[in-house]
2 protein chains.
Amino acid sequence: MNRKKNSITVADVARAANVSKATAARVLGGYGVASESTRRSVIEAADRLGYQPNELARSMSTGRTGLIGVVVGDIENAFFSRAVRGISDTARAAGLNVVIANSGERPEQEREMVSVLLRQRVAGLIVAPTDDRDVRHLKDAIKAGTPVVTLDRWVPDLGADGVCGGDHAAATEVMEHLLVNGHRRIAYVTAVDLTDGRLSDLSDIPISAVRERVRGFMDAMHGTGIANSATFVRGGAVDSRSIDGIIDGLLTDEQRFTAILASDSLIGAEIYRSLSARGIRLPKDMSLVSWFDADWTRVTSPPVSIIDQPTYLFGQTAVKRLIARLEGQAIPPDQIVIPTPFIARGSTGKSRTTG
Amino acid sequence: MNRKKNSITVADVARAANVSKATAARVLGGYGVASESTRRSVIEAADRLGYQPNELARSMSTGRTGLIGVVVGDIENAFFSRAVRGISDTARAAGLNVVIANSGERPEQEREMVSVLLRQRVAGLIVAPTDDRDVRHLKDAIKAGTPVVTLDRWVPDLGADGVCGGDHAAATEVMEHLLVNGHRRIAYVTAVDLTDGRLSDLSDIPISAVRERVRGFMDAMHGTGIANSATFVRGGAVDSRSIDGIIDGLLTDEQRFTAILASDSLIGAEIYRSLSARGIRLPKDMSLVSWFDADWTRVTSPPVSIIDQPTYLFGQTAVKRLIARLEGQAIPPDQIVIPTPFIARGSTGKSRTTG
DNA sequence: TGACAGATTGATACCGGTCTCACTACGATT
DNA sequence: AATCGTAGTGAGACCGGTATCAATCTGTCA
């Protein structure tokens, strides 16, 4: 047992203060009672020795860790880092600590991270599930007594609360704006891996948030009599190169696209860059809307129209709900929808074909 | 003791497998020896019961938690979130877990967070210290046996390793570029709180990274015979409004500034926005350089010249050094400088006064 | 003066693992 | 046949707290 640190324990303090371990523990742990005089001498001894409580031992014996585990797709993505900030601030205010893990949007890594966190005995989990269809690890966690709140994504039959954006409504709102402006050839670009980059069925999309947006997109298209709108969805937008490819595809398509929806701000930025590089002017030649109010959307000219996802609030809300669960509230798990309004800025205008 | 979770322990597995607790523990913990047959039956029993090791108890008894604590200024800042990603990826690969905390760049919150992490018995700390002059909490941690690596900032007398950028060199490089292009009236804008927003002494800057950059800035200015360069440093750039104020100040100053250095990418973005809003064109009317290669710097027109801080690498390097310390390497603590090259893009050009 | 309630305090089991040490069984060595 | 080495196993201490319960000490009241 190579215990490197010779830390001071309650027993040491007790000895120094000439009281029993139990009494010292009561004073230092802030539970039970002690006379004012012993309390003082214990505290004095603790200060003198530099006692620091061992949270591990405390958790061990109480069975509660004050830790909440968070699994996000990628902390480097501002969407998640802002949510993590919301989670972190809110948790801290409630005296909880936060352990962060990345899934890299890969199901097996998500499972691994959840398992690691459970072994760490986190009190609860906030997870942005990578794949709706494989949530057994989350079900198991819930069954074993660790409450789960899903972030940004909603899995109905999971039995966990979910905090998400109003994805279908936002898509509907954007589409209305675009349709009113005469757009008909509108593309939806997502990172989701679709066969050949094309969508054959909505259920191919494993992330509810994206699925709902695409559903809203297709519903709106359908409403204007466009039946083949599934062909307007492009998947696999994972990096610069793939996005350049998608943009090339859109620009040379026989459907002369006039507007593009970017499913997240990373994709949005790359699309913007790709369009600029090709000399396409916004909004004259093309309209662009991106999900998430990233920094970059305000410094482009024109600034980019966005769907504002207040992910700090997502995180905050998720923690609050988690805390409610930890306190044992037995309300049925449900979906908390946070409005994600469309904010029109300069990158969207009248369709060039009707202008 | 309201132990909510009825988790399976080694004792349960041992009973089910008809062996002693010690033997089951040996098999499940992967230490010691056991015959092939008992090993099989223990594993079978563990699987059947759904045994999940309790990492807490394990840490309790071994004295090591595979946790590393990270305290950053703000995870929401891409500078840090990218570093955190580097830390997280590298730590994970080494079998360590990461606990993140925010200091909000406030010394007392930093102290609080460090204390919380120490109570959590993290194996090591990676901290971006908010104030060089008050690092007693870090010294105490080191003295108590928890290695510390500072991130982005270097505190010489701390006795900890530090991973930082080549701030002085980068400032020198940028200044050379600007001076060659005829700029003489160059402002340095930082979030650091200076009295009246003006710099009276370098030691007023509590963050080494910023101090070194300003030193490089002033050295270069001095090299061209400009003696009052301290008046070209503006502090307090903490939000949209303050930055608008600073820009107004610079534009109306009797010194007709022709170039601005932004000390981080948040400031850079706001300055860009503020300049655009005022109709100032880059690089014709003003040159702009920002530290950190944030997303937004590539989508502006012109794209913004930057000092590239590879913070993913910062994080990665910090973890590697921390692991070396954890393994007991007794090399003297030192500063690891990671080059942060200047990358000229469209936002910097010839000074309008010499053009 | 003796009984009794309330306030303090101490002894000790316990949480779920790891780890030391002693003990057994058995083949190899002499 | 006696001795030895070794693989395998079990008993139990331990980590640093918390929690339970009994013991002691007051002061008060009948």
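Chain identifiers are assigned alphabetically (A, B, ...) following the order of the sequence lines, protein sequences preceding nucleic acid strands; residue numbering begins at 1 within each chain.
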Please name all residues satisfying ring pair (Phe, Tyr, Trp, His ring centres under 6.0 Å) with B:Tyr312, sequence neighbours left out, ordered by chain then number. none
Test of understanding: with ring pair (Phe, Tyr, Trp, His ring centres under 6.0 Å), list the residues that count as partners of A:Phe80, not counting sequence neighbours. none
Ignoring hydrogens and angles, state whether a donor on the side chain of B:Thr130 or B:Glu110 is under 3.5 Å from an acceptor on the partner side chain. yes
Do A:Ser81 and B:Glu76 have side-chain atoms, one donor and one acceptor, less than 3.5 Å apart?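 B:Glu76 and A:Ser81 do not have a side-chain donor-acceptor pair below 3.5 Å.
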Among D:dG16, C:dC19, C:dG16, the one nearest any side-chain atom of B:Thr62 is C:dC19
I want to verify a distance call: between C:dT18, C:dG17, D:dG17, whose nearest atom is closest to the B:Ala25 side chain? C:dT18
Please report the distance, rounded to the nearest Å, between [atom1] in [X] and [atom2] in [N].
{"X": "B:Arg64", "N": "D:dC15", "atom1": "CZ", "atom2": "P", "value": "15 Å"}
{"X": "B:Arg40", "N": "D:dT9", "atom1": "CZ", "atom2": "C1'", "value": "17 Å"}
{"X": "A:Leu56", "N": "C:dG17", "atom1": "CG", "atom2": "P", "value": "13 Å"}
{"X": "B:Arg119", "N": "D:dG17", "atom1": "CZ", "atom2": "P", "value": "12 Å"}
{"X": "A:Asp12", "N": "D:dC14", "atom1": "CG", "atom2": "P", "value": "15 Å"}
{"X": "B:Leu28", "N": "C:dT18", "atom1": "CG", "atom2": "P", "value": "8 Å"}
{"X": "B:Arg121", "N": "D:dC15", "atom1": "CZ", "atom2": "C1'", "value": "11 Å"}
{"X": "A:Arg58", "N": "D:dG16", "atom1": "CZ", "atom2": "P", "value": "14 Å"}

One would report the end-axis bend of the helix from C:dT1-D:dA30 to C:dT30-D:dA1, five pairs per end and rounded to 10 degrees, as 70°
In a table with atom names and distances, give each donor-acceptor pair under 3.5 Å that connects a side chain of residues 327-337 of chain A to protein atoms at least two apart or in another chain.
| unit_1 | atom_1 | unit_2 | atom_2 | d |
| --- | --- | --- | --- | --- |
| A:Asp334 | OD1 | A:Arg321 | NH1 | 3.0 |

B/S/- along nucleotides 5-12 of chain C (protein heavy atoms under 4.0 Å) is ---SBBB-
Would you say B:Tyr31 places a side-chain N or O within less than 4.0 Å of OP1 or OP2 belonging to C:dT20? no
Taking salt bridge (Lys or Arg N to Asp or Glu O under 4.0 Å) as the test, write out the residues that go with [X], two or more places apart.
{"X": "B:Arg133", "value": "B:Asp131"}
{"X": "A:Glu112", "value": "none"}
{"X": "A:Arg111", "value": "A:Asp134"}
{"X": "A:Asp193", "value": "none"}

